[in-house]
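Everything on this sheet refers to the single structure shown next.
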Amino acid sequence: DFGTMIYDPGYYNTAVCKSQITYIDGDRGILEYRGYPIEELAEKSSFLEVGYLLIYGDLPNREQLNVWQTKIMNHTFIHENLISMMKGFRYDAHPMGMLISTMSAMSTFYPDANPSLAGVDIYKNKQLMNKQIFRILGKLPTIAACAYRHRIGRPYNDPLNTFTYTENFLYMLDRLSETNYKPHPTLTRALDKLFIIHADHELNCSTATMRQISSTLVDPYTAVAGAASALYGPLHGGATEAVLRMLEAIGTVENIPNFLSLVKQKKQRLMGFGHRVYKSYDPRAKILKKVTQEIFDLLGMNPLMKIAVELERLALSDSYFIDRQLYPNVDFYSGIIYKSMGFPTDMFPVLFSIPRAAGWLAHWVEGLSDPELRIFRPRQVYLGRRGLTYAPLESRQ
Ligand code: SDX
């Protein structure tokens, strides 16, 4: 028995850092990016504009937005050597594993991002930092699309920089041969809203990882790969995939009461419910519930939606969940939307990573611009043994 993790909620909530990026009120279900309510941004803004807001602190004017969009769309191609590397993965490699590995490999392509190689303190050079931001935000959808094409055994598609950011991503996934093909505007707008609401979320596990890794001054590609690794977990960004598998396993509305009793016996977890910060309805889940209707109007109702709505209704009328302040979180409806749009479940954490990279980079910039920048070095509470004497092998039991 090599000892088990000693879990004490008190310790797991202690990581603290000051920030001006995202505000959450978990009791009142409030989420704001740089002071703007998420509901307004989801309705009126675009993902790239929100990315600018998160990273640079306010909404861009027209000229700033044009430069920002042009810079990013000019960085959508990835090096042919990275393409060759991606083609070396198993035919059925999980796309999130491919994304993490390829993002990490990017650190070997851009020595100007690595202080020890470039010999410069990147965090004192705003132009150099912006260049990494353009590259990561520009290339991440291309890596994601290549991972998807790899997964379905099709040739990879080149980006089309004349499209908008989200249009180009959808185009690279399916590039149809018909001339003048353009992704359906309803799908593009729905995906852009999903990207907006997934862009940042204060000090969630993956963003805390980004802060921790980048506090060592390593390059941002390596730090983003680390943050994406945290997001991959089923209790975090992997939950969307887990929600779909849960709904598919429940199968019918009639099976819901039995499933909920298994949850209450702690034999199952109600994926897509509960949150470390929201002790009320996740405001993003409310927005997504509306987006599902837009998608269903275009593509037809997903049968899993009926199970999800009834599951939510029964859970929210059950004291077990209310007493534990368990409400739908962002992952509860996002998976149904992605599935309805035709994405396979293992693409869900990849779809979470693309927008969350804007949040990770916002925290990267904020963390490195802190004049008191210091390496993250949490302390522990030692509960083990002390003062023992070495016993020779033959004397041990
Ligand atoms: C995301 O941090 C972020 O901001 C994350 C995120 C972001 O944008 O980055 O919002 C994205 O990761 C959303 C969360 C996605 N994960 C899931 O949906 C997985 C299911 N949810 C849980 O595993 C859980 O709710 C967490 C991990 C999200 C939060 O866990 P906590 O805060 O550590 O809560 P806990 O484990 O201390 O639970 C408190 C009680 C326990 O019961 P008791 O021991 O008191 O009897 O609530 C129970 C838990 O068993 N509980 C659940 C449950 N979540 C908590 N019981 C059943 N189903 C659940 N989903």
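Read the numbers this way: they start at 1 and go in the same order the structure lists the ligands and their atoms. Positions are given from 1 along the sequence.
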If the cut-off is 4.0 Å to any non-hydrogen atom of [X], which atoms of ligand 1 fall inside it?
X: Ala239; answer: 15 (C), 16 (N), 17 (C), 18 (O)
X: Arg276; answer: 29 (C), 31 (P), 32 (O), 33 (O)
X: Asp331; answer: 1 (C), 13 (C), 14 (C), 15 (C)
X: Leu326; answer: 47 (O), 51 (N), 52 (C), 53 (C), 54 (N), 55 (C), 56 (N)
X: Val263; answer: 57 (C)
X: Leu270; answer: 57 (C), 58 (N), 59 (C), 60 (N)

* Asked: Within 45 degrees of the axis of the six-membered ring of Tyr320 and under 6.0 Å from its centre: does Arg324 put its NZ or CZ there?
  ->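 Output yes; distance and angle both within limits.
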
Lys182 charged N/C atom sitting above Tyr171 aromatic ring, 6.0 Å / 45°: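 Judged by the rule (NZ or CZ under 6.0 Å from the ring centre, within 45° of its axis), Lys182 is not positioned above Tyr171.
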
Check this for me - ligand 1, [X], N or O atoms closer than 3.5 angstrom, yes or no?
X: Phe273; result: yes
X: Gly272; result: yes
X: His275; result: yes
X: Cys205; result: no

Among the heavy atoms of [X], does any lie under 4.0 Å from an atom of ligand 1?
X: Asn329; result: yes
X: Lys266; result: yes
X: Arg356; result: yes
X: Arg284; result: yes

Below 6.0 angstrom between ring centroids: does that apply to [X] and [Y]?
X: Phe343; Y: Phe348; result: no
X: Tyr327; Y: Phe273; result: no
X: His236; Y: His201; result: no

**Asked** What is the minimum heavy-atom distance between Ile307 and Gly251, and which atoms define it?
**Response**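 For Ile307 versus Gly251, the nearest heavy atoms are CD1-O, 3.2 Å.
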
Side chain, backbone, both or neither: Leu231 near ligand 1, heavy atoms under 4.0 Å
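Answer for Leu231: neither.
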
- request: For atom 40 (C) of ligand 1, state which one of Lys279, Arg324, Met246 supplies the nearest heavy atom.
  value: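 Looking at heavy atoms only, Arg324 sits closest to atom 40 (C) of ligand 1.
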
Do we see a donor-acceptor contact under 3.5 Å between the side chains of Arg135 and His75?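 Result is no, nothing qualifies.
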
Can I get a per-line list of side-chain donor-acceptor pairs under 3.5 Å for residues 385-397, giving both atom names and the distance, sequence neighbours left out?
| residue | atom | partner | partner atom | Å |
| --- | --- | --- | --- | --- |
| Tyr390 | OH | Arg396 | NH2 | 2.8 |
| Ser395 | OG | Pro392 | O | 2.7 |
| Arg396 | NE | Ala391 | O | 2.7 |
| Arg396 | NH2 | Ala391 | O | 2.8 |

Any sub-3.5 Å donor-acceptor pair from Lys279's side-chain atoms to His275's backbone N or O?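 Present.
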
Q. So Phe89 and His150, would you call those rings parallel, tilted or perpendicular, with 30° and 60° as cut-offs?
A.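 Taking His150 first and then Phe89, their aromatic rings stand perpendicular (interplane angle over 60°).
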
